[in-house]
J.: 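The structure follows.
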Amino acid sequence: MKVVFMGTPAFAVPALRALADSRYDLVAVYTRPDAASGRGHDLHPCETKAAAVEEGLTVYTPEDLHDDAELQRLRELDPDVIVVAAYGAILPPEVLAVPRYGCLNIHASALPRWRGAAPIQRAILEGDESAGVCIMQMEEGLDTGNYHLVATVDIGSKSSDELSEELAELGASGLLEALDGMEDGSYGWERQDEEEATYAPKISKEEVLLSPELSVHTFLRRVQAANRRAPARCMVCGKPVSVIAARLAPDRIDAGIVFIDTSRLILGMEYGRTAEILRVKPDGKQEMKAQDWTRGLRDVPLEWSEVG
């Protein structure tokens with residue numbers, strides 16, 4: 001079976017490597033174009049492109065899959081199936097029609113809950129107890145195709161990045177099972193219940209900002225859901241920081257107050273509930289332990305607030 005793979009971020013890499021090591025013929029890898037990053041705004045490949053180059057695979061980075069030349073190249077590859085994992089662009093109908101077995105998507109949710117771009121983060125923000133990963137048959141609707149649930153995992157205190165890594169590995173193994181089952185017709189698909197569907201639009205930076213007016217559980221969920229593109233930011237002791245990791249604390253202090261001792265950084269919020277900050281990234285600096293950051297503070301206000 002000839003496979004074309006489409007993916008961009010780190011979530012797609014386990015599936016790419018699983019296909020590269022499998023009996024399937026991985027004829028090409030498609031990723032989004034190199035993006036500018038860093039102070040010099042130099043172009044850098046995405047994680048999937050870097051992994052594909054390492055595997056010695058053919059890589060294409062088209063700007064637009066609607067382009068006639070790009071469509072012709074895809075048709076000439078003659079894939080039996082296209083596998084998609086967080087590619088970052090909607091596939092036009094002309095692309096969906098190319099492979100004889102259709103297009104499969106590795107989607108990080110327990111469909112039909114959390115269709116869309118940010119299923120893991122939405123599950124965290126809404127306080128879901130678990131997250132999942134599905135193999136889905138792609139069609140023109142937004143994540144509306146028939147699906148097969150691969151696995152669910154407890155969310156607990158895991159960050160969105162940690163959950164993404166765990167679900168990516170499960171999705172990769174589930175993908176190979178799906179391809180095997182498609183060949184012999186044994187793989188089972190379930191139709192989605194539209195009445196159960198919920199949607200997961202991309203998380204905005206504003207949705208994960210931190211404030212003393214939040215409940216402690218909302219505060220902690222925002223820290224969990226945050227990532228490099230949408231960090232959980234606030235002002236602590238007059239300095240802007242991103243909170244990378246935190247946990248519920250037993251202390252009781254007023255909202256907006258900071259407590260620091262030799263090993264702990266505690267923030268007070270609604271109803272006197274508190275969170276202990278474990279890791280921070282001060283603006284312009286590297287991520288570090290909160291206690292290491294507080295050692296450098298001198299004569300600062302013991303207050304915290306939302307970013308102005």
J.: Tell me whether R229 contacts the main-chain N or O of A226 through its side chain, where contact means a donor paired with an acceptor under 3.5 Å.
T.: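 Absent.
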J.: Are the charged groups of D78 and R100 less than 4.0 angstrom apart, N to O?
T.: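 Here D78 pairs with R100 in a salt bridge, since their nearest N and O are under 4.0 Å apart.
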J.: With a 4.5 Å limit on heavy-atom distance, are the side chains of T58 and V27 in contact?
T.: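 Of all side-chain heavy-atom pairs linking V27 with T58, none is under 4.5 Å.
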J.: Show the nearest heavy-atom pair for residues G256 and P212, with the distance to one decimal.
T.: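 In terms of heavy atoms, the two residues are closest at N-CB, 3.5 Å.
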J.: Quick check on the hydrophobic clustering: are W304 and L220 connected, directly or via other members, by side-chain heavy-atom contacts under 4.5 Å?
T.: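 As far as the 4.5 Å side-chain criterion goes, L220 and W304 are connected within one cluster.
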J.: State which residue, out of V243, L278, I277, V241, fulfils the side-chain contact (heavy atoms from CB on, under 4.5 Å) condition with L265.
T.: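 With L265 as partner, V243, L278, I277, V241 yield a single side-chain contact (heavy atoms from CB on, under 4.5 Å), made by I277.
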J.: Going by the side-chain contact (heavy atoms from CB on, under 4.5 Å) test, name the single residue among M288, K289, K239, Q291 that passes it with V280.
T.: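 Only one of M288, K289, K239, Q291 forms a side-chain contact (heavy atoms from CB on, under 4.5 Å) with V280, namely M288.
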J.: What distance separates Y60 OH from T31 OG1, expressed to the nearest 0.5 Å?
T.: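 So the gap between those two atoms works out to 12.5 Å.
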J.: Hey, quick one: are I124 and L209 part of the same hydrophobic cluster, counting side-chain heavy atoms closer than 4.5 Å, chains of contacts allowed?
T.: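 Result: no, two separate clusters.
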J.: Taking L210 as the starting point, is it possible to reach L125 by hopping between hydrophobic residues whose side chains are less than 4.5 Å apart?
T.: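 Unlinked, L125 and L210 end up in two clusters.
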J.: Evaluate the side-chain hydrogen bond (donor to acceptor under 3.5 Å, both in side chains) criterion for residues D184 and S186: first the C-alpha distance (whole Å), next the side-chain angles of each, then the deciding distance (0.1 Å), finally the verdict.
T.: CA-CA 6 Å; D184 62 21; S186 65; 2.6 Å; yes
J.: Under a 4.0 Å threshold between the charged nitrogen and the carboxylate oxygen, would D161 count as salt-bridged to R228?
T.: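 No, R228 and D161 are not salt-bridged.
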J.: Please list, chain by chain and in numerical order, all residues satisfying ring-ring contact (aromatic ring centres under 6.0 Å, His included) with F5, sequence neighbours excluded.
T.: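 None.
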J.: Quick one: CZ on F11 to CG on L167, what's the gap to the nearest 0.5 Å?
T.: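 Result: 6.5 Å between the selected atoms.
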J.: Taking 4.0 angstrom as the limit, do R233 and D283 come out as a salt bridge?
T.: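 Yes.
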J.: Tell me whether L77 is reachable from M6 by hopping between hydrophobic residues (I, L, V, M, F, W, Y) whose side-chain heavy atoms are closer than 4.5 Å.
T.: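 Linked, M6 and L77 end up in one cluster.
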J.: Does this structure show an ion pair linking E166 with K158, if we count only N-O contacts that are shorter than 4.0 Å?
T.: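 Salt bridge present between E166 and K158.
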J.: Output the distance between atom CG (L16) and atom CG (D21), rounded to the nearest 0.5 Å.
T.: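 Going from the CG atom of L16 to the CG atom of D21 covers 9.5 Å.
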J.: To the nearest 0.5 Å, what is the distance between OG1 (T48) and CZ (R17)?
T.: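 The OG1 atom of T48 sits 9.5 Å away from the CZ atom of R17.
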J.: Roughly how far, to the nearest 0.5 Å, is the CG atom of L175 from the CD1 atom of I106?
T.: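 If I round to the nearest 0.5 Å, the distance is 4.5 Å.
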J.: Quick check: closest heavy atoms across V81 and Y101, and the distance to 0.1 Å?
T.: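 That would be CB-CB, 4.3 Å.
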J.: With side chains defined as the heavy atoms from C-beta onward, is the minimum distance between C237 and L297 less than 4.5 Å?
T.: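 In contact.
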J.: Between N146 (side chain only) and Q137 (backbone N and O only), is there a donor and an acceptor less than 3.5 Å apart?
T.: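 No, N146 side chain to Q137 backbone: no donor-acceptor pair under 3.5 Å.
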J.: Using a 4.5 Å cut-off on heavy atoms from C-beta on, say whether the side chain of D128 contacts that of R113.
T.: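 A side-chain contact under 4.5 Å exists here.
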J.: Donor-acceptor check, side chain of R122 to backbone of G116, threshold 3.5 angstrom: yes or no?
T.: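 Flag not set: sc R122 to bb G116 has no pair under 3.5 Å.
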J.: When you group the ILVMFWY residues by side-chain heavy-atom contacts below 4.5 Å and let the links chain together, are V83 and L176 in the same group?
T.: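 Result: yes, single cluster for both.
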J.: Is L65 close to Y30 at the side-chain level, that is, under 4.5 Å between some pair of heavy atoms?
T.: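 Yes - at least one pair of side-chain heavy atoms lies under 4.5 Å apart.
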J.: Where the side chain of K281 meets the backbone of K285, is there a donor-acceptor pair that is under 3.5 Å apart?
T.: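 The answer is yes, because a donor-acceptor pair under 3.5 Å joins these two groups.
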J.: Looking at every heavy atom in both E162 and S157, which two are closest together, and how far apart are they?
T.: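 Looks like OE1-O, 4.4 Å.
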J.: Please give me the minimum heavy-atom distance between S109 and C134, naming the atom from each residue.
T.: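 Looking at all heavy atoms of both residues, the closest pair is O-SG, 3.1 Å.
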J.: Sequence neighbours excluded, which residues qualify as ring-ring contact (aromatic ring centres under 6.0 Å, His included) partners of W114?
T.: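 ring-ring contact (aromatic ring centres under 6.0 Å, His included) list for W114, sorted by chain: empty.
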J.: Without hydrogens or angle criteria, can the side chains of Q192 and T144 be said to hold a donor-acceptor pair below 3.5 Å?
T.: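 Checked: Q192/T144 side chains show no N/O donor-acceptor pair below 3.5 Å.
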J.: With side chains defined as the heavy atoms from C-beta onward, is the minimum distance between I155 and Q224 less than 4.5 Å?
T.: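 I155 reaches Q224 side chain to side chain.
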J.: What residues form a side-chain hydrogen bond (donor to acceptor under 3.5 Å, both in side chains) with T8, not counting sequence neighbours?
T.: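 Listed in chain order: nothing, the list is empty.
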J.: Under 6.0 Å between ring centres, would you say that holds for H107 and Y147?
T.: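 Centroid separation for H107 and Y147: 6.0 Å or greater.
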J.: Assess the side chains of Y24 and D180: does a donor N or O sit below 3.5 Å from an acceptor N or O?
T.: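 The answer is yes; a qualifying pair exists.
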J.: Look only at the side chain of E276 and the backbone of I266, and say whether a donor-acceptor pair between them is shorter than 3.5 Å.
T.: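 No, the answer is negative, given that no donor and acceptor are paired below the 3.5 Å cut-off.
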J.: Which heavy atom in E63 sits nearest to a heavy atom in R32, and how many Å separate them?
T.: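 Smallest interatomic distance, heavy atoms only, reads O-NH1, 3.7 Å.
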J.: Can you name the closest pair of heavy atoms from N227 and S160 and give their distance?
T.: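 In this case the closest contact between N227 and S160 is CB-OG, 4.3 Å.
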J.: Can a donor-acceptor pair be found, under 3.5 Å and without considering hydrogens, that links the side chain of D154 to the backbone of G156?
T.: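 Not at all, since once roles are kept as given, no pair shorter than 3.5 Å links the two residues.
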J.: To the nearest 0.5 angstrom, please state how far the CZ atom of R191 sits from the CG atom of L111.
T.: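 Output value for this atom pair is 14.0 Å.
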J.: Any side-chain heavy atom of M138 sitting closer than 4.5 Å to one from L91?
T.: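 Counting from C-beta outward, M138 and L91 do come under 4.5 Å.
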J.: Using a 3.5 Å distance criterion without hydrogens, assess whether the side chain of T274 forms a donor-acceptor pair with backbone atoms of A249.
T.: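 At least one qualifying donor-acceptor pair exists.
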J.: Can you tell whether the side chains of E94 and R75 come within less than 4.0 Å, N to carboxylate O?
T.: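 Here E94 does not pair with R75 in a salt bridge, since their nearest N and O are not under 4.0 Å apart.
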J.: Could you tell me whether R115 and E194 have a side-chain N and a carboxylate O separated by less than 4.0 Å?
T.: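 A salt bridge links R115 with E194.
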J.: Check this for me: does any side-chain nitrogen of one of E70 and R73 sit under 4.0 Å from a carboxylate oxygen of the other?
T.: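 Yes, this pair counts.
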J.: Who passes salt bridge (Lys or Arg N to Asp or Glu O under 4.0 Å) against E306, sequence neighbours left out?
T.: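 Partners of E306 by the salt bridge (Lys or Arg N to Asp or Glu O under 4.0 Å) criterion come out as none, since no residue qualifies.
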J.: Sequence neighbours excluded, which residues qualify as ring-ring contact (aromatic ring centres under 6.0 Å, His included) partners of F259?
T.: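 Result, ring-ring contact (aromatic ring centres under 6.0 Å, His included) vs F259: none returned.
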J.: Just to verify, what does E183 make a salt bridge (Lys or Arg N to Asp or Glu O under 4.0 Å) with, not counting sequence neighbours?
T.: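 For E183 the salt bridge (Lys or Arg N to Asp or Glu O under 4.0 Å) partners, ignoring immediate neighbours, are R23.
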J.: Ignoring hydrogens and geometry, is there a side-chain-to-backbone donor-acceptor pair from D25 to M1 under 3.5 Å?
T.: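 No, D25 side chain to M1 backbone: no donor-acceptor pair under 3.5 Å.
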J.: Counting only N and O atoms by type, is there a donor-acceptor contact under 3.5 Å from the side chain of E207 to the main-chain atoms of S204?
T.: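 Judged by distance alone, yes, a pair lies under 3.5 Å.
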